[in-house]
Chemist: 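There's a structure below that I have some questions on.
This is a predicted model, so every value here is computed, not measured. Per chain, numbering begins at 1; letters A, B, ... match sequence-line order.
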Protein chains: 2
Amino acid sequence: MENARELFQIMTRRFGLLNKNCCSIGGNDVSLVQSHILYEVDRQHNPSMQQIAETLGTDITTFSRQVQSLIKMNLVKKTPDPQDRRVHTLALTTEGKFVATTIDMQMNDYLNEVFSYMTDFEKETVLHSVKIFNDAMAKSNKCCGPLSE
Amino acid sequence: MENARELFQIMTRRFGLLNKNCCSIGGNDVSLVQSHILYEVDRQHNPSMQQIAETLGTDITTFSRQVQSLIKMNLVKKTPDPQDRRVHTLALTTEGKFVATTIDMQMNDYLNEVFSYMTDFEKETVLHSVKIFNDAMAKSNKCCGPLSE
DNA sequence: AACATATATTTGCAACATGCAAGTAATACA
DNA sequence: TGTATTACTTGCATGTTGCAAATATATGTT
């Protein structure tokens, strides 16, 4: 387990598996993609469809349909922008906020469990490292564009 | 950007986007899932279908079909085990090895580019951190099982 | 040997996700 | 006014997914 790609490959796979499981809240069965949408809608302030789709690297047409599902599930609401009625801004409903918060808590619970196998110092080092790595990725131009933050 | 989940969410999303793009080698268009299969078949010694499917957390039926595609693309070969002819072991073809190696190189190139925005010390810290984190995840029982290594 | 049972893999099917091309609706600009 | 641009939605064709059921081989029991 020596090269960089190997380390990241394993990490992201495991993290992906985690995400896959832990997205059923109450009656709602939220897919991984949908949980990413909820996350970003929550994070950004009254984002437009385009903004979120671009952040997530999804085709806008696929995204449009995903949003339709989330609206049917009553987790997201879509409002035409009074300034420019072509754009539609997204927001979480009360239920959507609840679901997003619950997912967030579950993920943090899991991460804390993982951190419990480390010393406090290691935990801080890991968190700091991820931060450094994200910042570096954001600066990179070789791939994937800037993508928000 | 303060909580742990947030950091990991952003990181895995970006890394996922990266993976999405960089899997076209020569005439072969390899999907993300397929690149993970190539990676694991390469890593494990004459693995069975089940072994890889379980490592990757994919349903065996989906996996069976993915392998069929890879065989059609001439990247993987499947041999019935002489000891127990129910099990079929997987191996990369020469072309498959080439593709897997190329993907690996591309990913490492990208990672090195990302690392170029850090000091050497930071790079070492990040790699060490991912290693620690993977080990901790492997120990965790809350989710996702042990899953190889 | 004959039979039931267990295991490894494959196929049938139905649901869903994806992205391109083409459509609609609203704005901008000449 | 008319033409281009932008934001978003629908049609379609393709691909992925996983459950249930089928096949093929192995193992255990009588």
Side-chain angles (χ1 to χ4, degrees), chain A residues 13 16-17 19-24 28-38 40-41 44 46-73 75-91 144-145 148, chain B residues 13 16-17 19-21 23-24 28-38 40-41 44 46-73 75-91 144-145:
Chain A
R13 177 195 306 154
L17 281 169
N19 258 307
K20 215 185 198 173
N21 299 336
C22 65
C23 297
S24 283
N28 291 304
D29 227 357
V30 180
S31 78
L32 177 55
V33 174
Q34 290 171 339
S35 89
H36 274 265
I37 297 175
L38 294 181
E40 275 305 323
V41 171
Q44 298 184 27
N46 281 100
S48 73
M49 307 264 299
Q50 299 252 3
Q51 276 168 40
I52 303 287
E54 214 213 306
T55 303
L56 298 178
T58 326
D59 187 274
I60 184 72
T61 69
T62 303
F63 183 75
S64 172
R65 277 179 270 246
Q66 288 284 4
V67 168
Q68 285 170 35
S69 310
L70 289 168
I71 290 172
K72 258 190 215 130
M73 295 162 80
L75 301 179
V76 163
K77 53 179 180 261
K78 197 174 63 177
T79 324
D81 182 336
Q83 249 66 50
D84 180 343
R85 269 148 57 202
R86 285 172 305 182
V87 339
H88 293 243
T89 57
L90 300 174
C144 306
S148 106
Chain B
R13 176 194 307 154
L17 281 170
N19 257 307
K20 216 186 200 170
N21 299 336
C23 297
S24 283
N28 290 305
D29 227 357
V30 180
S31 77
L32 176 56
V33 174
Q34 290 171 338
S35 89
H36 273 265
I37 297 176
L38 295 180
E40 275 304 322
V41 171
Q44 297 184 29
N46 279 100
S48 72
M49 306 267 298
Q50 298 253 2
Q51 274 167 40
I52 303 287
E54 214 212 307
T55 302
L56 298 178
T58 325
D59 187 273
I60 183 72
T61 71
T62 302
F63 182 75
S64 170
R65 276 179 271 244
Q66 289 285 2
V67 168
Q68 285 170 34
S69 309
L70 289 169
I71 289 172
K72 259 189 215 130
M73 296 162 80
L75 302 179
V76 162
K77 54 177 178 262
K78 196 175 61 177
T79 324
D81 181 335
Q83 249 64 52
D84 180 342
R85 270 151 52 205
R86 286 171 306 180
V87 339
H88 292 243
T89 58
L90 300 174
C144 306

Chemist: How long is the span from the OG1 atom in A/Thr58 to the CD1 atom in A/Ile37, to the nearest 0.5 Å?
Modeler: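 A/Thr58 OG1 to A/Ile37 CD1: 6.5 Å, rounded to 0.5 Å.
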Chemist: Indicate yes or no: at least one non-hydrogen side-chain atom of B/Leu32 is less than 4.5 angstrom from one of B/Ser35.
Modeler: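 Yes; the side chains approach each other to less than 4.5 Å.
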Chemist: Rounded to the nearest Å, what distance is computed from the CD1 atom of residue A/Ile60 to the C1' atom of nucleotide C/dG23?
Modeler: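 For the pair A/Ile60 CD1 and C/dG23 C1', the rounded distance is 15 Å.
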Chemist: Nearest to the A/Thr58 side chain among D/dC8, C/dT9, C/dG19, which nucleotide is it?
Modeler: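 Closest of the options to the side chain of A/Thr58: C/dG19.
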Chemist: Nearest to the B/Gln66 side chain among D/dT16, D/dC8, C/dA8, which nucleotide is it?
Modeler: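 Given the options D/dT16, D/dC8, C/dA8, the side chain of B/Gln66 is closest to D/dT16.
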Chemist: If you define the side chain from C-beta out and look only at heavy atoms, does anything of B/Leu75 sit under 4.5 Å from B/Gln34?
Modeler: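 When only atoms from C-beta onward are counted, B/Gln34 and B/Leu75 do not touch, as no gap falls below 4.5 Å.
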Chemist: Expressed in angstrom and rounded to an integer, what is the separation of A/Gln51 atom CD from D/dC8 atom P?
Modeler: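 A/Gln51 atom CD is separated from D/dC8 atom P by 9 Å.
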Chemist: Phosphate oxygens OP1/OP2 of D/dT9: is one of them under 4.0 Å from a side-chain N or O of A/Ser64?
Modeler: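 Yes, A/Ser64 has a side-chain N/O under 4.0 Å of OP1/OP2 on D/dT9.
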Chemist: Provide, to the nearest angstrom, the distance between the CG atom belonging to B/Asp29 and the P atom belonging to D/dT16.
Modeler: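 Checked: the CG to P distance equals 11 Å.
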Chemist: Is there a donor on the side chain of B/Arg85 or the base of D/dT25 sitting less than 3.5 Å from an acceptor on the other?
Modeler: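 No.
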Chemist: Can you see which heavy atom on A/Leu56 is nearest to which on A/Glu40, and at what distance?
Modeler: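 Taking A/Leu56 first and A/Glu40 second, the nearest heavy atoms are CD2-CG, 3.8 Å.
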Chemist: Is there a donor on the side chain of B/Arg65 or the base of D/dG18 sitting less than 3.5 Å from an acceptor on the other?
Modeler: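 Answer yes: a donor N or O sits under 3.5 Å from an acceptor.
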Chemist: OP1, OP2 of D/dA26 versus side-chain N and O of B/Gln83: anything below 4.0 Å?
Modeler: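 Checking D/dA26 against B/Gln83, no side-chain N or O comes under 4.0 Å of OP1 or OP2.
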Chemist: Find the distance B/Arg86:CZ to C/dT9:P and express it as a whole number of Å.
Modeler: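 Those two atoms, CZ and P, are 9 Å apart.
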Chemist: Is a donor-acceptor contact shorter than 3.5 angstrom present between the side chain of A/Thr61 and the base of C/dC20?
Modeler: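 By the distance-only test, yes, there is a pair.
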Chemist: With respect to B/Met49, which candidate in B/Thr89, B/Val87, B/Leu90 satisfies the side-chain contact (heavy atoms from CB on, under 4.5 Å) definition?
Modeler: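 Among the candidates, only B/Leu90 passes.
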Chemist: Distance check needed: D/dT23 C1' versus B/His88 NE2, whole Å only.
Modeler: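 In whole Å, D/dT23 C1' lies 11 Å from B/His88 NE2.
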Chemist: Rounded off to whole Å, could you give me the CD-to-C1' distance for the B/Gln34 and D/dG15 pair?
Modeler: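 Rounding to the nearest Å, CD of B/Gln34 and C1' of D/dG15 are 10 Å apart.
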Chemist: Nearest whole angstrom, please: distance from the C1' of D/dT17 to the CD1 of B/Ile37.
Modeler: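 Roughly 13 Å, once rounded to whole Å.
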Chemist: Measure CG/A/Leu90 against C1'/D/dC8 and give the value in whole Å, please.
Modeler: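 Value for this atom pair: 11 Å.
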Chemist: Could you please name the option among C/dC20, D/dT17, D/dA7 that lies closest to any side-chain atom of A/Asp59?
Modeler: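 The answer is C/dC20, which lies nearest to the side chain.
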Chemist: If only side-chain N and O atoms of A/Gln68 are considered, is one of them under 4.0 Å from the OP1 or OP2 phosphate oxygen of D/dT9?
Modeler: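 For D/dT9, neither OP1 nor OP2 has a side-chain N or O of A/Gln68 closer than 4.0 Å.
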Chemist: The side chain of A/Lys78 lies closest to which of these nucleotides: D/dT9, C/dT18, D/dT17?
Modeler: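 It is D/dT9.
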Chemist: Reading DNA chain C from 5' onward, which residue's closest nucleotide shows up sooner: A/Thr62 or A/Asp81?
Modeler: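 Nearest nucleotide further toward 5': that of A/Thr62.
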Chemist: State which of D/dT9, D/dA26, D/dT17 makes the closest approach to the side chain of B/Asp84.
Modeler: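 Given the options D/dT9, D/dA26, D/dT17, the side chain of B/Asp84 is closest to D/dA26.
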